[in-house]
Amino acid sequence: MADADEPASPTSGLQFSKVEAMDIMKILEDPIYAREVVAYTNAVKAAEQHAGDEEVQYSFCFAMAFCATRYPNIVMKAGGLDGILKAMVRFPKNERLQAESCEALRNIAEMPDGADTLFNTNAMQVVLDSMRMNAQAEWVLQEGFGFLCRMVTECDGARDKLFKRDGLQVIMDSMETFPRASWVALWGSQALRRFAELDAQRLQDMGAFDLVMRARNAKAFTKGCPAVQQATVDCLKLAPPRPRSRQEDD
């Protein structure tokens with residue numbers, strides 16, 4: 001079995017039918033082939049050859065999301081990232097494809113230097129567009145939120161760019177929409193802490209710290225969610241002092 005660091009076998013001369021392309025995507029779910037670089041390069045080539053086939057593109061994005069949970073480096077090495085982003089742009093209203101793609105991007109962002117690599121692509125804009133175009137699709141919103149939070153926490157450039165645009169509002173909206181999801185509270189609080197490093201007063205004025213305090217005090221997280229508790233505490237440490245009221249002064 002090929003090692004993950006071996007060079008990928010060339011696939012430029014191969015031609016795959018749709019049935020073969022679907023089989024190639026399916027085979028990546030088999031642990032036997034999970035570290036075979038050539039299996040990934042075949043999937044990328046098959047996706048390129050059937051770029052306009054929505055079924056093939058969904059299967060490709062699902063395969064990349066599945067594999068990126070354990071081997072994001074191979075997904076990147078085989079050229080999977082470019083294929084994912086092209087599929088998202090080509091089929092913006094396919095909710096399953098969009099959600100799987102966002103999950104794959106999040107896993108890539110968590111690998112060493114992954115977020116920096118993604119920052120130099122159109123990935124953040126593609127995900128923001130996806131969240132806007134699929135505003136009623138909870139799965140897309142949650143996976144897109146997860147990706148953006150990882151970009152904020154892992155890459156200074158991404159944090160700064162999202163803060164200057166509408167990243168702060170997108171993250172706050174997601175935390176309000178999914179108040180009982182522990183991982184939303186966790187990642188959201190971590191991202192807001194990173195934003196607070198830039199301008200804590202802006203977060204205060206927009207009510208971001210109130211959201212974090214709400215998560216900290218939520219009954220769903222007070223027991224059994226120490227990571228959420230720690231993330232909210234770390235974020236609230238950066239909250240600026242509130243102005244004293246006239247009653248307090250009296």
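Atom CD in Q49 sits 8.0 Å away from atom CD1 in I24 (nearest 0.5 Å). Interatomic distance, S189 OG to F209 CZ, rounded to the nearest 0.5 Å: 10.5 Å. With values rounded to the nearest 0.5 angstrom, K237 atom NZ is found 5.0 Å from D234 atom CG. Rounded to the nearest 0.5 angstrom, I27 CD1 and D23 CG are separated by 8.0 Å. Here D166 contributes atom CG and M172 contributes atom CE; the two are 12.5 Å apart, rounded to the nearest 0.5 Å. Here the SG atom belonging to C61 is positioned 9.5 Å from the CZ atom belonging to F91, to the nearest 0.5 angstrom.
Between W183 and W187, the angle of the ring planes goes over 60°, which puts this pair in the perpendicular group of the 30/60° scheme.
Within a 6.0 Å radius of CD in E138, other residues, nucleotides and ligands contribute 12 heavy atoms or fewer. The local environment of CD in Q201 is crowded, with over 12 non-hydrogen atoms from other residues, nucleotides or ligands closer than 6.0 Å.
Under the 3.5 Å distance criterion, the side-chain polar atoms of N217 are left unmatched by any main-chain donor or acceptor of V212. Side chain of S130 to main chain of V126: no donor-acceptor pair is present (N/O by atom type, distance under 3.5 Å, no hydrogens or angles). The closest donor-acceptor contact from the side chain of K93 to the backbone of N134 lies at 3.5 Å or more, if one exists at all. Panel note: side chain Y40, backbone R35; no donor-acceptor pair is recorded below 3.5 Å. Looking at E29, its side chain never comes within 3.5 Å of a backbone N or O of A63 through a donor-acceptor pair. For the pair N122 (side chain) and Q125 (backbone), a donor-acceptor distance under 3.5 Å is absent. For the pair H50 (side chain) and F16 (backbone), a donor-acceptor distance under 3.5 Å is present. A donor-acceptor pair under 3.5 Å is absent between the side-chain atoms of E95 and the main chain of V140, judged by distance alone. A distance-only check finds a donor-acceptor pair linking the side chain of D199 to the backbone of R202 [under 3.5 Å]. Side-chain atoms of R90 come within 3.5 Å of backbone N or O of A51 as a donor-acceptor pair.
A cation-pi geometry, defined here as NZ or CZ lying under 6.0 Å from the six-membered ring centre and within 45° of its normal, holds between R96 and Y58.
In summary, the side chains of R216 and Q230 do not present any donor paired with an acceptor at a separation below 3.5 Å, with no hydrogens or angles considered. No side-chain donor from either of Q190 and T153 sits under 3.5 Å from a side-chain acceptor of the other. Q98 and N94 share no side-chain donor-acceptor pair at under 3.5 Å.
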Show the atom names and distances, to 0.1 Å, of all donor-acceptor pairs under 3.5 Å that link a side chain in residues 101-119 to residues at least two apart or in another chain.
{"unit_1": "S101", "atom_1": "OG", "unit_2": "L97", "atom_2": "O", "d": "2.7"}
{"unit_1": "N107", "atom_1": "ND2", "unit_2": "E103", "atom_2": "O", "d": "3.2"}
{"unit_1": "T117", "atom_1": "OG1", "unit_2": "D113", "atom_2": "O", "d": "3.0"}

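Under a hydrophobic-cluster definition in which Ile, Leu, Val, Met, Phe, Trp and Tyr are linked whenever side-chain heavy atoms come within less than 4.5 Å, directly or via other members, L128 and L168 are assigned to the same cluster. A continuous path of ILVMFWY side-chain contacts below 4.5 Å connects L198 to M124, so both sit in one hydrophobic cluster. Note on W139 and F145: separate hydrophobic clusters, where clusters join Ile, Leu, Val, Met, Phe, Trp and Tyr whose side-chain heavy atoms are under 4.5 Å apart, directly or indirectly. When hydrophobic clusters are built by joining Ile, Leu, Val, Met, Phe, Trp and Tyr residues whose side-chain heavy atoms come closer than 4.5 Å, directly or via intermediates, M213 is grouped together with M175. When the side chains of ILVMFWY residues are joined at heavy-atom separations under 4.5 Å, either directly or via intervening members, M133 and F147 end up in two distinct hydrophobic clusters.
Comment: R194 does not engage D160 in a salt bridge, judged by the lack of any side-chain N to carboxylate O separation of less than 4.0 angstrom. Note on E197 versus R193: salt bridge recorded, some NZ/NE/NH1/NH2 to OD/OE distance being below 4.0 Å. A salt bridge links K18 with E55: at least one charged nitrogen is closer than 4.0 Å to a carboxylate oxygen. Remark: D129 engages R132 in a salt bridge, criterion side-chain N to carboxylate O under 4.0 Å. Salt bridge present: K86 and D82 bring a charged side-chain N and a carboxylate O closer than 4.0 Å.
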Check: Is there a side chain to side chain contact (heavy atoms under 4.5 Å, CB included) between F195 and M206 once you walk through the steps?
Finding: CA-CA 12 Å; F195 282 146; M206 292 182 65; over 6 Å; no

Note to self: Between V38 and N42, does the side chain to side chain contact (heavy atoms under 4.5 Å, CB included) criterion hold? Intermediate values first, please.
What the structure shows: CA-CA 6 Å; V38 69; N42 282 343; 4.1 Å; yes

Next item on the list: I would like to know whether L81 and V75 meet side chain to side chain contact (heavy atoms under 4.5 Å, CB included); could you show each step before the answer?
Entry: CA-CA 7 Å; L81 173 59; V75 171; 5.8 Å; no

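Across all their heavy atoms, Q204 and P240 have their closest contact at NE2-O, 2.9 Å.
The side-chain heavy atoms of F163 and V152, taken from C-beta on, include no pair separated by under 4.5 Å.
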